[in-house]
There are 2 protein chains.
Amino acid sequence: MKNKRTIRDIANELQLSITTVSLVLNGKARENRISQEVIDRVLKFVKEVDYRPNHFARSLRNGKSKIIAFMAEDISNPFFSSIARLIEDSANNSGYKIVYCSTENNAEKTRELIKTFKDRRVDAYIITPTEGIEKEIENLVANRVPLMLFDRYFAGLSTGYVVIDNEQSTRNAIRHLIEQGYEKIGFVTLDSTQTQMSGRYLGYVNALEASGLPQFVLRIPYGSTESFIVNAVMEFLSEHKEIDSLFFSSNYLGVGGLKAVRQKNLSIPGDIGVIAFDDSEVFRMHTPAITTVTQPVEEISHKLVESILHQLMQEEAAGDILRNEIELSARLVVRESSSGKKKPV
Amino acid sequence: MKNKRTIRDIANELQLSITTVSLVLNGKARENRISQEVIDRVLKFVKEVDYRPNHFARSLRNGKSKIIAFMAEDISNPFFSSIARLIEDSANNSGYKIVYCSTENNAEKTRELIKTFKDRRVDAYIITPTEGIEKEIENLVANRVPLMLFDRYFAGLSTGYVVIDNEQSTRNAIRHLIEQGYEKIGFVTLDSTQTQMSGRYLGYVNALEASGLPQFVLRIPYGSTESFIVNAVMEFLSEHKEIDSLFFSSNYLGVGGLKAVRQKNLSIPGDIGVIAFDDSEVFRMHTPAITTVTQPVEEISHKLVESILHQLMQEEAAGDILRNEIELSARLVVRESSSGKKKPV
DNA sequence: AAGCTACGCTAAATCGTTTTAGCATGTTTT
DNA sequence: AAAACATGCTAAAACGATTTAGCGTAGCTT
């Protein structure tokens, strides 16, 4: 923090102009007819004294913060924290830092957060959008700000996004339950019209309609506490005693649901089959191990960063920003929890 | 992003000087004898037009980035991601943003990261230090940079830190195993001399020496893959068939260890008692539920932010920076996995 | 009436970069 | 020999805030 050298100091010490030093440092020396001799001299010197340009000055001048905002629904959720981990290194390697935040799926909070990020002039956004912030997203897009949505998106907006095929992967999962002999399949989901949730619901409905089986749906409000979820699922099971399997459309619904199943002393998969969305250590270690719809977290992360960095370069080049709409497929990882119900005696 | 108004625009539109506007906006109007009438006029106008000061300009001028660096060992580890979640809001509320990174407990990587954060002039650091970065930390402290270590610290340096009483909490856990009748207690830990690990090891040794029981220690290298951990624990158990219980000194060692125990077809707690460090959903949902040494994550987070914000204020006031050294206690959450071994027949 | 103080505001320097426009000097062209 | 061009570098404006030093006026003292 002491004796920080500025570009002016460098210029003085080398008996050159600030301009020259700056041009060399930014790789614009050749195109500005700076001699190789001078280039080498500058490069050698800045390396020797380990000159570090002031980010603030640079940002002020060129308007770039070299920061990407990562707006997750909840950074402590393993799905989001693993993505956070996976996007980190490549962002760093490209000279970007990532600031994170948790939206809690709350539109008002998200709006506030976006505002603070705008104030900071972050260069790009990676967002799990909440319902009701279409305006803000649209606004960012209109201003040609590099941006990617993930986990869900707004059908009406032409933003880039990375999602999975929720309908198909859920349909596959439900079909798997049916193949295993389950016939009264309950669907526990969030009370939400977001794309990921409606996609999963649709997959459920389609699979059941194709087989002529009855539907049992439990919708739980966003932001419910775990104990609320547990109770809701217990009631759901009490009201519909015929249910022989459950599909949980998110990881934490799955965790809460498993607790409910336990409290009701139902055995998995005999009394009740179980499939949950999103894989995690909990499901893998559970006894019995839980069948999950596993999102390709690495691929999602990779596509997100790739696309964002690409947009950042296009923006730099003042070109048109191409917004990738990417839909990946999720894998059904079959484990014991869906291996068929007890034969009636 | 369009028609951004600058402080100069505001000044012109109000027929005032830039200075006056700036003083008002920074709450230094009164002490500079700006009339109440002018103050009101400015405040009203900036609210009306929703004027947003340029962070870059401000940072360039006053050297403050309003950013806190959160350097975790691995942001996708539930222990760290839950802390990330818990420090986020209070930081935001105080006008700070948090950039995160994962050190992977790699000194070289950590050094690089600190360098990039220095370049960005982050205002404060919250760090899980790795071995070998004493110099860098010392350097930050010498430069009066607000900083808190957590999870572990350097005994030789007077940095602030938040840790738990590893020796005592481990000793309690081991004592609990002894009370439950276990006599051949294995200790699975990381091959590391960091304070948290040596503290836990010490607790183990002390508890056993007090009871005259034999020690069985397995040290696993940092950064081992899960399958390596599983194999190591399996070998450990094969080599020491007399072991009747295991203490895992980290959450992921615990997960790997449990897989090993399963593969060896040992039943918990009858064949082998288990306690793991750090609570998480996996341990709570495991069958049988795993006894854990539970760190007070909320309190840790709270103390971290509180202390950092405090240091930031002191720095602002050019006062001496008080570095809090905080040791909290962890709770032993007793569950089935340590409830006593099978009676020999 | 001259000298002070208080009051209310402002000019201008500063933070450290990037970048545009242009200045010498030397070399070709015609 | 004048005009044109190439070469190698630099002066200075700009980005948008904060802050120091100080300016003019009015009222009060002596």
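Quick note on labels: first sequence line is chain A, next is B, and so on, each numbered from 1.
- Applying a 4.0 Å cut-off to non-hydrogen atoms, the residues of residues 29-44 of chain A that approach DNA chain D are A:N32, A:R33, A:I34, A:S35, A:V38, listed by residue number.
- Around CZ of A:R8, the count of heavy atoms belonging to other residues, nucleotides or ligands within 6.0 Å does not exceed 12.
- Shown are B:K97, B:R58, B:R52; of these, the salt bridge (Lys or Arg N to Asp or Glu O under 4.0 Å) with A:D119 is made only by B:R52.
- Inter-residue side-chain proximity for B:E88 and B:R85 is flagged as met; some heavy-atom pair is nearer than 4.5 Å.
- The span of DNA chain D lying next to chain A, judged by atoms under 4.0 Å from heavy atoms, is bounded 5' to 3' by D:dT7 to D:dG16.
- Phosphate proximity of C:dT10 to B:T20: present, with a side-chain N or O under 4.0 Å from OP1 or OP2.
- A sub-4.0 Å separation between OP1 or OP2 of C:dT17 and a side-chain N or O of A:Y51 is present.
- Proximity of B:I67 to A:I67: side-chain heavy atoms (C-beta onward) are separated by under 4.5 Å at one or more points.
- Below the 3.5 angstrom threshold, one finds a donor paired with an acceptor across the side chain of A:R61 and the base of C:dT18.
- Taking atom CD1 of residue A:I18 and atom C1' of nucleotide C:dT14, one finds them 13 Å apart after rounding to whole Å.
- Rounded to whole angstrom, the span from the CG atom of A:N26 across to the P atom of C:dT17 amounts to 11 Å.
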Query raised in the report: B:N324 and B:S307: side chain to side chain donor-acceptor pair (under 3.5 Å), yes or no, with the steps?
Result: CA-CA 7 Å; B:N324 275 334; B:S307 213; 3.3 Å; yes

Report task. Show the numbers, then the answer: is there a side chain to side chain donor-acceptor pair (under 3.5 Å) between A:Y222 and A:E131? Result -> CA-CA 11 Å; A:Y222 245 119; A:E131 295 177 49; over 6 Å; no

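- Considering every non-hydrogen atom in both B:I39 and B:I34, the closest pair reads CD1-O, 3.7 Å.
- Per the geometry, CD1 belonging to B:I7 stands 17 Å off P belonging to C:dA12, to the nearest Å.
- B:L60 places its CG atom 9 Å from the P atom of C:dT17, with the value rounded to the nearest Å.
- Of the charged side-chain nitrogens involved, at least one lies within less than 4.0 Å of a carboxylate oxygen, so that A:E108 and A:R111 count as a salt-bridged pair.
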Query raised in the report: What's the verdict on side chain to side chain donor-acceptor pair (under 3.5 Å) for A:N105 and A:T130, showing C-alpha distance, side-chain angles and the deciding distance?
Result: CA-CA 5 Å; A:N105 221 43; A:T130 71; 5.3 Å; no

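- Between A:F80 and A:F150, the ring planes lie perpendicular to each other; the angle is over 60°, past the 30° to 60° tilted range.
- The side chain of A:A57 approaches C:dT17 more closely than any other nucleotide in the set C:dA11, C:dT17, C:dT18.
- A:T6 comes within 4.0 angstrom of sugar-phosphate atoms only, judged by non-hydrogen atoms across all strands, and of no base.
- Taking the C1' atoms of five terminal pairs at each end of the helix from C:dA1-D:dT30 to C:dT30-D:dA1, the two resulting helix axes are inclined by 70°, rounded to 10°.
- Salt bridge status for A:K303 with A:E299: absent, with no side-chain N to carboxylate O gap under 4.0 Å.
- No contact: A:N62 has no heavy atom under 4.0 Å from any strand.
- Remark: C1' of C:dT18 and CZ of B:F56 are 14 Å apart, rounded to the nearest angstrom.
- Of the charged side-chain nitrogens involved, at least one lies within less than 4.0 Å of a carboxylate oxygen, so that A:K109 and B:D89 count as a salt-bridged pair.
- Across the protein-nucleic acid pair, A:K64 atom NZ and C:dT17 atom C1' stand 15 Å apart, rounded to whole Å.
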